[in-house]
K.L.:
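So that we are looking at the same thing, I have put the structure below in C-alpha cells.
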Amino acid sequence: MPFGYVSPEQQMRDKADYARKGIARGRSVVVLQYEDGILFVAPNPSRALHKISEIYDKIGFAAVGRYNEFEALRLGGIRYADINGYTYARDDVTARGLANLYAQNLGQIFTESLKPFEVEIVVAEVGDSSEEDHIYRLTFDGSVFDEAGLVAMGGQAEAVAGRLKEHYRDGLSLSEALEAALFALTEPGGERFPASQLEVAVLDRNRPHRKFLRLSGPRLERLLSDGAPAAEVAAQPAQQESPLSAPETPGAPPTAPDGDIDTGASG
C-alpha cells in the first residue's frame, strides 16, 4: 500500500464530516406549509445577503451554509428556469426538475472535488392546493428528500425540527405558522428574534402569476403581534385561585387574567 493512501470510504466520511460541521455553525432556516402556501423563515440581520429567494413563478429557494456557494447554486437555478421556461413553457419549470439539477451538481462536486460544498438547500413549489405543494431538501452530497409539511436545516436542525413539530398542524394561518416557526428557532429560555433580525417570505397560492412575496417592515410586525399574544397566553401557568376570590357563577365562561400581555415583539 503506497504511503499516504486513504481509502475512498474514508475520504467520503471525512468530506461528509467537514461539510456537516460547516453547516452546523450557521443558524437554522425553517420552511413549512400554511393554509395559503409555503412560509420561509430565517434569522438574518443582513438586508443585502439573502438566505431566501425567488427562483421562478411558483418556486422559492432557501439555503444555509457558505453564502458564496449557495448563491452560485441559486444563480444556476435561475438560469436553468429562465432557459426552460422560454424554450418550452413556464409551467414546465418545476421544483422537481430544479431538485434533480441541484442533486447532480452537488453530487458531482462532493465526489470529484477535494472540498465539498458546505450547503444545505430547500427548493419549494406552491400548487393550486396544499396537496400539490412540494418541498425538496438537498444535502451537501446531492441527496434529495421530499419533505411533508415542514423542514428545518442548518444549526441545531434536529432540535429546531422537534420544537416545530410541537406547534405544527395542517391548515395553519400565516400568523400561526410564523409563530410556530419563531418558537422553533428560539432557544429554550432565549429571547425571540425581533422583526429587524428576521428574513421572512412566502409562496402565496392566491397571488396572481408570481407567488413569491417578501414580508418585512410594518406588515411583518403586524403578523408577529397577531401571533404572539395567543402563544403567550397558552404558555402562562394556570393561575391559582385566591381563597378570598368570589366563587364563579356556574355556567359562566372563564375570563382571562387582567393586565397587558407581553407580545415579545419589542427588542
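The shown structure was predicted, so the numbers you read here are calculated from the model rather than taken from an experiment.
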K.L.:
Does one hydrophobic cluster hold both I38 and L182, with members joined at side-chain heavy-atom distances below 4.5 Å?
P.N.:
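I38 and L182: separate clusters.
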K.L.:
Nearest 0.5 angstrom please: Y34 OH to Y168 OH, how far?
P.N.:
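The OH atom of Y34 sits 12.0 Å away from the OH atom of Y168.
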K.L.:
Contact between E120 and R20 at the side-chain level, heavy atoms closer than 4.5 Å - yes or no?
P.N.:
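Side chain of E120 against side chain of R20, heavy atoms only: no contact under 4.5 Å found.
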K.L.:
Just by distance, do the side chain of T87 and the backbone of I83 share a donor-acceptor pair under 3.5 Å?
P.N.:
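It does hold such a pair.
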K.L.:
Parallel, tilted or perpendicular: which describes the rings of Y136 and H134, with under 30° parallel and over 60° perpendicular?
P.N.:
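Judged by the thresholds at 30° and 60°, the geometry between Y136 and H134 is parallel.
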K.L.:
So, for E54 and I78, which heavy atoms are closest and what is the spacing to 0.1 Å?
P.N.:
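Smallest heavy-atom distance, with atoms named: O-CD1, 4.1 Å.
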K.L.:
Between L32, V202, L220, L215, which is the residue that forms a side chain to side chain contact (heavy atoms under 4.5 Å, CB included) with L178?
P.N.:
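Among the candidates, only L220 passes.
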K.L.:
Is a side-chain donor or acceptor of S46 paired with a backbone partner of A48 at a separation under 3.5 angstrom?
P.N.:
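Yes; judged by distance alone, with no hydrogens or angles, the pair exists.
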K.L.:
Can V31 and L39 be said to form a side chain to side chain contact (heavy atoms under 4.5 Å, CB included), step by step?
P.N.:
CA-CA 6 Å; V31 182; L39 172 68; over 6 Å; no
K.L.:
For L73, is there any backbone N or O sitting under 3.5 Å from a side-chain donor or acceptor partner on Y102?
P.N.:
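Pair found, side chain donor or acceptor close to backbone of L73.
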K.L.:
For the salt bridge (Lys or Arg N to Asp or Glu O under 4.0 Å) test, which of K211, R205, K58 pairs with D133?
P.N.:
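It is R205, the one option of K211, R205, K58 that forms the salt bridge (Lys or Arg N to Asp or Glu O under 4.0 Å) with D133.
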K.L.:
Would a 4.5 Å heavy-atom cut-off, applied to side chains only, mark V41 and V29 as touching?
P.N.:
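They are not in side-chain contact.
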K.L.:
Is it true that the side chains of D92 and N84 contain a donor and an acceptor less than 3.5 Å apart?
P.N.:
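There is no such pair (donor and acceptor under 3.5 Å, judged by atom type) between the side chains of D92 and N84.
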K.L.:
I'd like to know whether CD of Q10 has more than 12 heavy-atom contacts from other residues, nucleotides or ligands below 6.0 angstrom.
P.N.:
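Counting other residues, nucleotides and ligands, CD of Q10 exceeds 12 neighbours.
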K.L.:
Go through the steps for E166 and F183 under the test side chain to side chain contact (heavy atoms under 4.5 Å, CB included), then give the verdict.
P.N.:
CA-CA 10 Å; E166 293 177 13; F183 176 84; 3.8 Å; yes
K.L.:
Quick check: does any side chain N or O of E147 sit under 3.5 Å from a backbone N or O of R137, one acting as donor and the other as acceptor?
P.N.:
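No; judged by distance alone, with no hydrogens or angles, the pair does not exist.
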K.L.:
Rounded to the nearest 0.5 Å, what separates atom OH in Y67 from atom CG in L49?
P.N.:
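Atom-to-atom, Y67:OH and L49:CG are 5.0 Å apart.
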K.L.:
Got a second to check how far L223's CG is from L174's CG, nearest 0.5 Å?
P.N.:
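It comes to 5.0 Å.
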K.L.:
Do S173 side-chain atoms and E176 backbone N/O form a donor-acceptor pair below 3.5 Å?
P.N.:
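Yes, because the side chain of S173 sits within donor-acceptor range (under 3.5 Å) of the backbone of E176.
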K.L.:
Which atoms form the tightest heavy-atom contact between I59 and A95, and what is the distance?
P.N.:
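What the structure gives for the nearest pair is CD1-N, 3.6 Å.
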K.L.:
Tell me, do D14 and M12 make a side-chain contact under 4.5 Å, heavy atoms counted?
P.N.:
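A side-chain contact is absent here, since even the closest heavy-atom pair is not under 4.5 Å.
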K.L.:
Are the side chains of R163 and E187 in contact, using a 4.5 Å heavy-atom criterion?
P.N.:
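Yes - at least one pair of side-chain heavy atoms lies under 4.5 Å apart.
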K.L.:
Going only through I, L, V, M, F, W and Y residues with side-chain contacts under 4.5 Å, is there a path from V93 to V122?
P.N.:
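They do not share one cluster, since no chain of ILVMFWY contacts under 4.5 Å joins V93 to V122.
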K.L.:
Measure the shortest side-chain to side-chain distance between L213 and R219 over non-hydrogen atoms and say whether it is less than 4.5 angstrom.
P.N.:
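With C-beta onward as the side chain, the pair touches.
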K.L.:
Any chance you could measure F40, atom CZ, to K51, atom NZ, to the nearest 0.5 Å?
P.N.:
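Taking CZ in F40 and NZ in K51, the distance rounds to 14.5 Å.
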K.L.:
How long is the gap from CD on E221 to CG on L224, to the nearest 0.5 Å?
P.N.:
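The CG atom of L224 is 7.5 Å from CD of E221, to the nearest 0.5 Å.
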K.L.:
Looking at F61, is R74 sitting on its ring face, NZ or CZ under 6.0 Å from the six-membered ring centre and within 45 degrees of the normal?
P.N.:
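Verdict for F61: no cation-pi partner in R74.
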K.L.:
What about the rings of F117 and F110, do their centers lie closer together than 6.0 Å?
P.N.:
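Centroid distance F117-F110: not below 6.0 Å, so no.
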K.L.:
Should we say atom CG of D128 is surrounded by more than 12 heavy atoms from elsewhere, each under 6.0 Å from it?
P.N.:
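Counting other residues, nucleotides and ligands, CG of D128 stays at 12 neighbours or fewer.
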K.L.:
Locate the shortest heavy-atom distance separating G154 from I23; write the atom from each residue and the value.
P.N.:
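So the minimum-distance heavy-atom pair works out to CA-CG2, 3.9 Å.
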K.L.:
What's the spacing between H50 NE2 and F70 CZ if we round to 0.5 Å?
P.N.:
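That separation rounds to 10.5 Å.
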K.L.:
How close do A63 and I121 get, counting heavy atoms only, and between which atoms?
P.N.:
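In this case the closest contact between A63 and I121 is CB-CG2, 3.6 Å.
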K.L.:
For E71, is the CD atom crowded, meaning more than 12 foreign heavy atoms sit under 6.0 Å from it?
P.N.:
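Yes - once you tally the heavy atoms of other residues, nucleotides and ligands closer than 6.0 Å, there are more than 12.
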K.L.:
Tell me whether E69 contacts the main-chain N or O of E118 through its side chain, where contact means a donor paired with an acceptor under 3.5 Å.
P.N.:
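Yes, because the side chain of E69 sits within donor-acceptor range (under 3.5 Å) of the backbone of E118.
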K.L.:
Is any side-chain heavy atom of V119 closer than 4.5 Å to one of L138?
P.N.:
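No, too far: nothing below the 4.5 Å cut-off.
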K.L.:
Above 12 or not: heavy atoms from other molecules or residues under 6.0 Å from CD of E158?
P.N.:
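No, not enclosed.
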K.L.:
Decide if atom NZ of K165 counts as having more than 12 heavy atoms of other residues, nucleotides or ligands within a radius under 6.0 Å.
P.N.:
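For K165, atom NZ is not crowded (no more than 12 foreign heavy atoms under 6.0 Å).
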K.L.:
Looking only at atom types and distance, does a side-chain atom of R47 sit under 3.5 Å from a main-chain N or O of N44, one as donor and one as acceptor?
P.N.:
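Yes, R47 side chain to N44 backbone: donor-acceptor pair under 3.5 Å.
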K.L.:
For the residue pair S28 and G155, what are the closest heavy atoms and their distance?
P.N.:
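Heavy atoms only, the tightest pair is OG-CA, 3.8 Å.
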K.L.:
Would you indicate whether the side-chain heavy atoms of L98 and I55 approach each other to under 4.5 Å?
P.N.:
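Result yes, sub-4.5 Å side-chain heavy-atom pair found.
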K.L.:
Walk me through whether V64 and R27 qualify under side chain to side chain contact (heavy atoms under 4.5 Å, CB included).
P.N.:
CA-CA 8 Å; V64 293; R27 290 175 172 173; over 6 Å; no
K.L.:
Taking E199 first and then R214, would you say they form a salt bridge - that is, a charged N and a carboxylate O separated by under 4.0 Å?
P.N.:
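Counted as a salt bridge, because a side-chain N and a carboxylate O are separated by less than 4.0 Å.
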K.L.:
When you look at D82 and Y56, which way does the side chain to side chain contact (heavy atoms under 4.5 Å, CB included) test go after all the steps?
P.N.:
CA-CA 8 Å; D82 284 343; Y56 210 58; 3.5 Å; yes
K.L.:
Determine whether V30 and L185 make a side-chain contact, defined as any pair of heavy atoms from C-beta on separated by less than 4.5 Å.
P.N.:
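A side-chain contact under 4.5 Å exists here.
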K.L.:
Tell me whether M153 is reachable from L150 by hopping between hydrophobic residues (I, L, V, M, F, W, Y) whose side-chain heavy atoms are closer than 4.5 Å.
P.N.:
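Not linked; separate clusters.
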K.L.:
Where is the tightest heavy-atom contact between A201 and I52, given as atom of each residue plus distance?
P.N.:
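Looking at all heavy atoms of both residues, the shortest contact is CB-CG2, 3.8 Å.
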